[in-house]
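Heavy atoms only: backbone and side chains are in, while hydrogens, waters and symmetry mates are out. In what follows, every chain begins at residue 1, and chains take the letters A, B, ... in the order their sequences are listed.
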2 protein chains.
Amino acid sequence: MTGSQRPPSKFVAAISQIQEMIKADRIRPGDKLPSERELSERLSIGRSSVREALRALELLGLIETRRGEGTFLRDFQDHQLVPLISTFIFNDDQKKEHVQDMKAILEMGCLAILAKRPDFKNNAISLQADFHELMDAAGNSLLKKIWLIISDYAGTSREQDRERLNELLMGFMKNNPS
Amino acid sequence: MTGSQRPPSKFVAAISQIQEMIKADRIRPGDKLPSERELSERLSIGRSSVREALRALELLGLIETRRGEGTFLRDFQDHQLVPLISTFIFNDDQKKEHVQDMKAILEMGCLAILAKRPDFKNNAISLQADFHELMDAAGNSLLKKIWLIISDYAGTSREQDRERLNELLMGFMKNNPS
DNA sequence: TTCATTCAAGTGGTCTGACCACAAGATTTA
DNA sequence: TAAATCTTGTGGTCAGACCACTTGAATGAA
């Protein structure tokens, strides 16, 4: 027989279903999810599989689990997956470079956005500024979120960031004289 | 009693231990990890907990699981983590503009990488090229991955992409005369 | 009443043992 | 030799049993 691709594992299916449930039931960050046992019943899968799904989501920082209380939807702010994955990344220097480059690209992009503004030189950018503020100023939340994640992976210090920012700014001033 | 912080859950501990084991045993991408049952024994924790850890790692794209064969360490390059996080990131962030800007930033970054190469003008970039090829040429898998996802969300056509690429190239040529 | 104590129910955390589905190699058989 | 068949080892899943913890209700003492 051909074409009989086996279905995705239960725990992967569970993740999707849980996400759908979150949307359908309008569960918001901070709200409580159904208990593992209830999920198990509603999704008709064993509790173990539910747990595997929940543990994975937890590791991603999408949910939070409190023993004796329940499982709660979380805001994406503090993703713990970063330190975790970075240890894996550290095995490979090339990948580390990629992360660094990626970060630089995002930062350049941030500056490019700001540079289009008339008040670019005046207030928004002082040499005391750091990218957290600049990202806010740029007003692209998507950019900022991704930058935050990448920054975490990159693992550079605030000082290093600031130094490079200065360098970048110098370059910008030169290429974009007002 | 105060200050009795309870230990991290088994499955979190398992993740760390598995990581250490990978390092200690010099397991490289593509290699096989010990079986779940063996891990269970070696780490002295139940197989369920081992599985919760492995499932989480799998969702992060750090390992790959093949039924009947085993569990294998994976190259970080194909981490599914990015698409995963992205679905979440895009949740509250439907701002189309942000996505477009983000895409442009990534593409500029790609060009910037290529521009540093001596053969920039010669072969790598022809006006027939599109960003798929350019991203490959840039050689930053992380960049490409994120770009692909963003592109997906941006929903622009290949033609639109090519047009903008041409515009960008023009600008680049102007600002970076060889 | 009011406050503290106790208790019961619900929840996540973990383990065990049992199957199933699958892949690969060894073994048997034609 | 070549095909068909075990056998073994692996992940996938489930059910049931405890444990640890939180909460709130029930209970009792002031």
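- The interatomic distance linking Glu41(B) (CD) with dG17(C) (C1') rounds to 14 Å, in whole Å.
- Between Phe131(A) and Trp147(A), the ring-plane angle classifies as tilted under the 30° and 60° cut-offs.
- Heavy atoms only, all atoms of each residue included: Ser49(B) and Lys10(B) are closest at OG-CB, 4.0 Å.
- Counting non-hydrogen atoms of neighbouring residues, nucleotides and ligands closer than 6.0 angstrom, the CD atom of Glu41(B) reaches no more than 12 such neighbours.
- When each of Val50(A) and Gly68(B) is assigned the nucleotide of DNA chain D with its nearest heavy atom, Gly68(B) is the one assigned upstream, toward the 5' end.
- The CG atom of Leu39(B) sits 16 Å away from the P atom of dG9(D) (whole-angstrom rounding).
- At the phosphate of dG11(D), OP1 or OP2 sits under 4.0 Å from a side-chain N or O atom of Thr71(B).
- Atoms CG (Leu33(B)) and P (dG11(D)) sit 9 Å apart, rounded to a whole Å.
- Out of dT11(C), dG13(C), dG12(D), the shortest distance to the side chain of Arg67(B) is found at dG12(D).
- Under 3.5 Å, the side chain of Arg37(B) and the base of dG11(D) form at least one donor-acceptor pair of N or O atoms.
- Within 4.0 Å (heavy atoms only), Ile45(A) reaches sugar-phosphate atoms of the nucleic acid but no base atom.
- Among the heavy atoms of the strands lying under 4.0 Å from Ser48(B) is at least one base atom, whether or not backbone atoms are also near.
- dG11(D) atom C1' lies 12 Å from atom CZ of Phe11(A), rounded to whole Å.
- Counting atom types as modelled, Arg47(A) pairs a side-chain N or O with a base atom of dG13(C) as donor and acceptor under 3.5 Å.
- Minimum atom distance to the side chain of Ser35(A) is reached by dT11(C), of the listed dT11(C), dG13(C), dG12(D).
- Between the CD atom of Glu69(B) and the C1' atom of dA24(C) there is a distance of 8 Å, rounded to whole Å.
- An OP1 or OP2 oxygen of dC21(D) is reached within less than 4.0 angstrom by no side-chain nitrogen or oxygen of Arg66(A).
- Rounded to a whole Å, the CD1 atom of Ile15(B) is 11 Å from the P atom of dT14(C).
- Remark: C1' of dC15(C) and CD of Glu52(B) are 11 Å apart, rounded to the nearest angstrom.
- Checked against dG12(D), dT11(C), dG13(C), the side chain of Lys32(A) finds its nearest nucleotide in dT11(C).
- Ranked by how close their nearest DNA chain D nucleotide is to the 5' end, Glu38(B) and Ser44(A) are led by Glu38(B).
- Between the side chains of Ser40(A) and Arg51(A), no donor-acceptor pair of N or O atoms lies under 3.5 Å.
- Look at CD on Glu36(A): it is 15 Å from P on dA15(D), rounded to the nearest Å.
- In the hydrophobic cluster analysis, where Ile, Leu, Val, Met, Phe, Trp and Tyr join through side-chain heavy atoms closer than 4.5 angstrom, Phe72(A) is grouped apart from Ile22(A).
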